[in-house]
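All remarks here apply to the structure that follows.
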Amino acid sequence: PTASGKTVSGLFGCVRSSGVQFHEGLDLKALKRDRRGEAVDVVRAIHDGVVRYINRRSDRSTFGIYLVVEHTELEVPIISLYAHLARAAAGLSVGDPVRSGQRIGVMGRTAAGYSIPRERAHLHLETGLWLGRYFQTWHDGQKYGTINHHGAFNGMNTVGFDFHDLVDRIRQGEVQGIREYLLRQPTAV
């Protein structure tokens, strides 16, 4: 759980701050620790894909060290984002293909602007869709007054969906795949 102490605060949706703070991913708890109590769990790709972005500087994002994989071979291409890593896998580069289950990093607690306590080390996993290729141009026109270090791979350029719910619906035979799942989602705006 987050600082609230409520386990559900690590799930997808309006699960934080009494339902007013939206969480666009799933937080997966560390299961293995070293002698110092640091998480050492291996992070693996959820599906075959291509590495599209690696942020190796934790001070540039609330995601800390994170990477993005695009899963282009699915019926609807999606992205998966793996955040708060201790480190990305050595030798992994943008453009590299990855296989389902391939080691892509090590779970951690990195984040810019705050410190995730050692006991709350976790993987923040997001799945979603890109909003647009020209995000940087849009961002520049907004006059935020801050630098976008991540280009089109900025978290504001994705819309997430509940990966846990998707997997449950597929397992229960309610949907056949991502396309059907997304089409059944209620319109938000």
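Predicted model, so just to flag it, every value in this text is computed and none were measured. Heavy-atom basis, side chains included; hydrogens, waters and symmetry copies ignored.
- Between Arg52 and Glu70 there is a salt bridge, since a side-chain N of the basic residue sits under 4.0 Å from a carboxylate O of the acidic one.
- Within a 6.0 Å radius of CD in Glu73, other residues, nucleotides and ligands contribute 12 heavy atoms or fewer.
- Side-chain N or O atoms of Thr158 include none that pairs as donor or acceptor with a backbone N or O of Trp130 at under 3.5 Å.
- Atom CZ of Arg179 is surrounded by 12 or fewer heavy atoms from other residues, nucleotides or ligands within 6.0 Å.
- In the hydrophobic clustering of this structure, Leu125 does not group with Val68; members are Ile, Leu, Val, Met, Phe, Trp, Tyr whose side-chain heavy atoms approach within less than 4.5 Å, directly or through other members.
- Under the 3.5 Å distance criterion, the side-chain polar atoms of His164 are left unmatched by any main-chain donor or acceptor of Gly25.
- No donor-acceptor pair under 3.5 Å is formed between the side chain of Thr72 and the backbone N or O of Pro77.
- Looking only at distances, no side-chain donor or acceptor of Gln102 sits under 3.5 Å from a matching main-chain atom of Arg44.
- Contact check for Ile46 versus His71: side-chain heavy atoms found under the 4.5 Å cut-off.
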Exercise for the section: Show your working on side chain to side chain contact (heavy atoms under 4.5 Å, CB included) between Ile78 and Leu129 and close with a plain yes or no. Expected result: CA-CA 5 Å; Ile78 66 167; Leu129 305 167; 3.8 Å; yes
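- Other residues, nucleotides and ligands contribute at most 12 non-hydrogen atoms within 6.0 Å of the CD1 atom of Ile147.
- A salt bridge links Arg118 with Glu38: at least one charged nitrogen is closer than 4.0 Å to a carboxylate oxygen.
- Judged purely by atom type and a 3.5 angstrom limit, Asn154 has no side-chain atom pairing as donor or acceptor with the backbone of Phe135.
- Ile54 and Met107 fall within a single hydrophobic cluster, where Ile, Leu, Val, Met, Phe, Trp and Tyr are joined by side-chain heavy atoms under 4.5 Å apart, directly or via other members.
- In this structure, Arg33 and Ala121 approach most closely via the heavy-atom pair NH1-CB, 4.0 Å.
- Looking at Leu131 and Val159, their side chains come closer than 4.5 Å, going by heavy atoms from C-beta outward.
- The residues Arg99 and Asp48 are annotated as salt-bridged, a charged nitrogen and a carboxylate oxygen being separated by less than 4.0 angstrom.
- Between Ser115 atom OG and Arg120 atom CZ the span is 9.5 Å, to the nearest 0.5 Å.
- Under the 4.5 Å side-chain contact rule for hydrophobic residues, Leu85 and Leu92 share a cluster.
- Side-chain atoms of Val50 and Asp96, non-hydrogen and from C-beta on, never get closer than 4.5 Å to each other.
- Without hydrogens or angle criteria, Asp34 side chain to Ala39 main chain gives no donor-acceptor distance under 3.5 Å.
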Exercise for the section: Apply the test side chain to side chain contact (heavy atoms under 4.5 Å, CB included) to residues Val43 and Arg103: give CA-CA distance (whole Å), side-chain angles for both, the deciding distance (0.1 Å), then the verdict. Expected result: CA-CA 6 Å; Val43 174; Arg103 179 187 178 128; over 6 Å; no
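- Within the 4.5 Å cutoff, side-chain heavy atoms of Tyr82 are placed close to those of Val69.
- Between the side chain of Asp59 and the backbone N or O of Ala112, no donor-acceptor pair lies under 3.5 Å.
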Practice task
Please test Gln136 against Asp140 for side chain to side chain donor-acceptor pair (under 3.5 Å), starting from the C-alpha separation and ending with a verdict.
Solution key: CA-CA 6 Å; Gln136 187 64 53; Asp140 292 346; 2.8 Å; yes
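- Residues Thr127 and Ile79 have side chains not in contact (no heavy-atom distance under 4.5 Å, counting atoms from C-beta outward).
- Expressed to the nearest 0.5 Å, how far CZ of Arg133 lies from CG of Asn157 amounts to 11.0 Å.
- Val51 and Tyr53 are not part of a single hydrophobic cluster, where members link through side-chain heavy atoms under 4.5 Å apart.
- With values rounded to the nearest 0.5 angstrom, Phe163 atom CZ is found 8.0 Å from Ser80 atom OG.
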Exercise for the section: Give the intermediate values and the outcome of side chain to side chain donor-acceptor pair (under 3.5 Å) for residues His139 and Tyr144. Expected result: CA-CA 7 Å; His139 184 276; Tyr144 283 116; over 6 Å; no
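- Following chains of ILVMFWY side-chain contacts shorter than 4.5 Å, one can reach Val76 starting from Val167, so the two form part of one hydrophobic cluster.
- Between the side chain of Glu174 and the backbone N or O of Ile170, no donor-acceptor pair lies under 3.5 Å.
- A 4.5 Å side-chain heavy-atom check between Leu26 and Asp162 finds at least one atom pair inside the cut-off.
- A 4.5 Å side-chain heavy-atom check between His84 and Tyr66 finds every atom pair outside the cut-off.
- Taking both residues in full, the closest heavy atoms of Glu126 and His124 are given as OE2-NE2, 2.8 Å, listed atom of the first, atom of the second, then distance.
- With Arg171 contributing its side chain and Leu166 its backbone, the two residues share no donor-acceptor pair below 3.5 Å.
- You'll find the side chain of Tyr114 reaches within 4.5 Å of the side chain of Thr62, heavy atoms only.
- A distance of 4.5 Å separates OG in Ser61 from NE2 in His150, rounded to the nearest 0.5 Å.
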